[in-house]
Protein chains: 2
Amino acid sequence: MAAKKTRIAIVGYGNVGRGVRAAIAANSDMRLQGIISRNPERVRAELPDVPIFRADDEKRWRARLKADVAILCGGSAEDLPDQGPYFARFFCTVDSFDTHADIPDYYKKMNAVARRAGTACIISTGWDPGTFSLERVLADAFFPGASQYTFWGRGVSQGHSDAARRVQGVKDARQYTIPIKSAIDEVRSGSRPRLAARAKHKRRVYVVPAPGADYESIAHAIKTMPKYYADYETEVIFITANEMKRSHAAYPHAGFVLSSSQTGRGNKALIEYRCEWDSNPEATGGILVAHARAAHRLRRERRTGAFTILDLPAAYFSPRSARDLLANFV
Amino acid sequence: MAAKKTRIAIVGYGNVGRGVRAAIAANSDMRLQGIISRNPERVRAELPDVPIFRADDEKRWRARLKADVAILCGGSAEDLPDQGPYFARFFCTVDSFDTHADIPDYYKKMNAVARRAGTACIISTGWDPGTFSLERVLADAFFPGASQYTFWGRGVSQGHSDAARRVQGVKDARQYTIPIKSAIDEVRSGSRPRLAARAKHKRRVYVVPAPGADYESIAHAIKTMPKYYADYETEVIFITANEMKRSHAAYPHAGFVLSSSQTGRGNKALIEYRCEWDSNPEATGGILVAHARAAHRLRRERRTGAFTILDLPAAYFSPRSARDLLANFV
């Protein structure tokens with residue numbers, strides 16, 4: 001165990017930021033050093049005992065916030081493309097940048113900044129991208145040519161909920177991604193089918209309509225929305241604001257990666273990695289905090305630049321000593 | 001992709017050795033360079049086109065066998081404690097030393113020899129110890145205090161089959177380890193029970209009795225055998241030699257690690273890693289060969305000594321380029 005705690009800054013205090021805070025509290029070698037927010041008053045009201053800094057007050061947080069690692073909890077669309085390279089100049093960072101197509105560019109940018117600044121920045125982690133990426137690479141390495149299937153759900157997708165919320169007449173919306181059981185069973189049997197998007201997942205949207213809204217046209221607008229819904233069987237269910245609050249306040253999620261292959265003469269070899277979270281932001285927080293431990297270790301070893309979960313030995317995530325791991329976990 | 005193939009030597013050609021050979025054939029960046037065996041005539045008869053070396057003819061294989069990595073396929077009880085340190089002097093090695101209590105000592109010995117020899121030796125890998133160790137460490141790092149459960153089966157345990165075979169009056173025996181469904185369901189529900197050995201697994205032994213053997217005393221001797229059977233509910237089933245050959249020639253196995261934890265205020269966080277092999281030796285072979293790729297890379301980076309799966313980034317196992325992994329797997 002490191003005698004000195006790893007000092008963490010949280011950048012962005014929404015659901016994931018709260019999850020990270022809970023995870024820091026669960027790790028005795030970690031300390032929350034402060035929070036950087038665009039809305040410091042709101043955060044201060046929630047956390048009166050934590051140093052809170054206004055994001056644009058760079059001078060103040062550079063002078064007062066002594067952190068080993070900043071965990072960037074902003075969104076991939078709006079926040080991280082700028083926040084990542086910006087904060088990488090000042091701190092080792094961990095983020096969950098998840099716009100898959102843009103990851104190589106983001107890596108390049110982060111790597112350049114971090115090398116120049118002498119920081120270690122772990123990008124695109126959490127569970128997908130993150131642990132699911134790791135499992136895809138491992139199973140692909142063990143069984144070349146394996147067919148890989150990723151299923152998500154049952155759980156809330158923030159992006160799909162937001163998209164439904166933008167439809168006219170929608171006051172609030174919550175989207176559940178639901179994996180289709182027959183597809184799961186087929187894949188688990190080892191049969192290696194080709195599965196279209198709609199064969200793997202369906203979507204269920206709970207909508208609180210605005211007063212006087214037209215239900216038919218809301219349902220139609222959601223179900224035909226390109227990219228988000230058009231490729232799936234989508235069910236739209238209208239509920240009251242009270243019901244939304246009572247039954248859909250949590251952010252559960254789940255998912256699994258299944259790698260299906262054959263060895264020798266047609267012998268089945270299956271690997272399934274599955275996770276199930278009552279609270280997606282809290283579980284994600286746990287994974288991000290373990291990455292902060294790894295980033296801090298990289299920095300102490302003077303290894304700088306951008307990294308992904310694929311570059312990190314499992315031992316780097318663990319608070320345990322090499323001796324403990326060897327004796328009790330191998 | 002490396003232009004030059006990694007040249008593999010197999011040491012010990014039993015079930016796992018055969019599995020490794022099949023896995024080398026499935027990996028286009030690997031080449032089987034030769035086999036070292038205590039019984040070269042038998043292996044030569046099976047593989048007329050592969051260079052076979054007698055284990056004790058050190059002079060000959062040192063002169064003629066140019067391998068980057070030797071995969072040691074001997075047993076943990078009799079072979080590896082000597083073979084590991086011996087071959088680590090000449091080759092980078094990969095082995096599946098699985099006597100859990102002795103792993104720290106074995107690591108120490110291998111580390112000393114490998115450092116002196118300038119080789120990279122990955123010990124105690126496969127699926128358990130191996131990928132299961134990795135998953136235990138990751139989940140423990142993400143969710144400190146997680147309760148972890150490892151279940152094995154349904155599948156053949158070589159050690160338990162051998163033990164039953166040593167009972168007087170037993171001509172042949174095959175033992176299946178069977179996980180108990182109610183225990184699995186309980187653990188998957190997130191309830192975190194304490195489970196005694198007999199609550200997790202039961203054992204079924206198929207026995208071919210010698211002519212005139214006493215069935216009752218065989219069954220009694222097996223069921224009361226300390227360490228192997230006494231702590232479990234054990235079923236003994238007598239069959240003919242033909243039936244053994246027809247129905248129990250394969251070596252299927254399976255198992256999973258389940259980590260059960262809570263985040264925040266009592267929110268369930270579960271991770272399950274499950275594998276299912278029609279052929280345990282072939283699947284193990286696939287994992288060992290990916291480790292040979294990692295050992296070769298460590299050696300090229302002049303990192304020498306002993307390593308476990310916990311010390312290795314996932315990218316080291318993969319034949320894919322960093323660019324490919326970043327673009328298509330993260």
The interface call for V289(B) against chain A, heavy-atom contacts under 4.5 Å, is neither
Are any of the side-chain heavy atoms of F97(A) and Y107(A) separated by less than 4.5 Å? no
Got a salt bridge between E46(A) and R18(A), using NZ or NE/NH1/NH2 to carboxylate O under 4.0 Å? yes
Taking atom types as modelled and ignoring hydrogens, do the side chains of D185(A) and S189(A) form a donor-acceptor contact shorter than 3.5 angstrom? no
I want to check something: taking the side chain as every heavy atom from C-beta on, are L288(A) and T125(A) in contact at a cut-off of under 4.5 Å? yes
When only pairs under 4.5 Å are counted, which of P281(B), A315(B), A22(B) shares the most heavy-atom pairs with chain A? A315(B)
Contact leader toward chain B among W127(A), F132(A), Y273(A), where contacts are heavy-atom pairs under 4.5 Å: Y273(A)
Applying a strict 4.5 Å limit to non-hydrogen atoms, the region of T131(A) in contact with chain B is side chain
Considering only heavy atoms, which portion of Q262(B) lies under 4.5 Å from any heavy atom of chain A: side chain, backbone, both, or neither? neither
Give a yes or no on whether a salt bridge exists between D102(A) and K109(A), defined as a side-chain N under 4.0 angstrom from a carboxylate O. no
Interface moiety of T308(B) toward chain A, non-hydrogen atoms closer than 4.5 Å: side chain
Before accepting this row, confirm whether a basic side-chain N of the pair D29(B)/R293(B) lies closer than 4.0 Å to the acidic partner's carboxylate O. yes
Could you check whether E276(B) pairs with R274(B) (Lys NZ or Arg NE/NH1/NH2 to Asp/Glu carboxylate O, under 4.0 Å)? yes
Pick from R323(A), R188(A), E135(A), H100(A): which one has the most heavy-atom pairs with chain B under 4.5 Å? E135(A)
Per-residue contacts, residues 250-258 of chain A versus chain B, heavy atoms under 4.5 Å: none
For chain B, find its close neighbours in residues 138-145 of chain A: heavy-atom separation under 4.5 Å, sorted by number, or none. L138(A), D140(A), A141(A), F142(A), F143(A), P144(A)
Any salt bridge linking R136(A) with D128(A)? Criterion: basic side-chain nitrogen under 4.0 Å from a carboxylate oxygen. yes
Looking only at I309(A), I123(A), L326(A), I103(A), the option with the highest number of non-hydrogen pairs under 4.5 Å against chain B is L326(A)
So which of A314(A), G190(A), A327(A) has the largest heavy-atom pair count under 4.5 angstrom toward chain B? A314(A)
Most heavy-atom pairs under 4.5 angstrom with chain A, which of P129(B), A269(B), A23(B)? A269(B)
Within 45° cone and under 6.0 Å: R297(A) NZ/CZ vs Y316(A) ring: yes
Quick check with a 6.0 Å cut-off and a 45 degree axis cone: is R154(B) positioned over the face of Y176(B)'s six-membered ring? yes
What's the verdict on side-chain hydrogen bond (donor to acceptor under 3.5 Å, both in side chains) for D98(B) and S76(B), showing C-alpha distance, side-chain angles and the deciding distance? CA-CA 6 Å; D98(B) 68 356; S76(B) 295; 2.7 Å; yes
Any donor-acceptor pair under 3.5 Å from E282(A) side chain to G19(A) backbone: no
Which atom of L80(A) lies closest to which atom of Y106(A), heavy atoms considered: O-CE1, 3.6 Å
Any donor-acceptor pair under 3.5 Å from D278(A) side chain to K268(B) backbone: yes
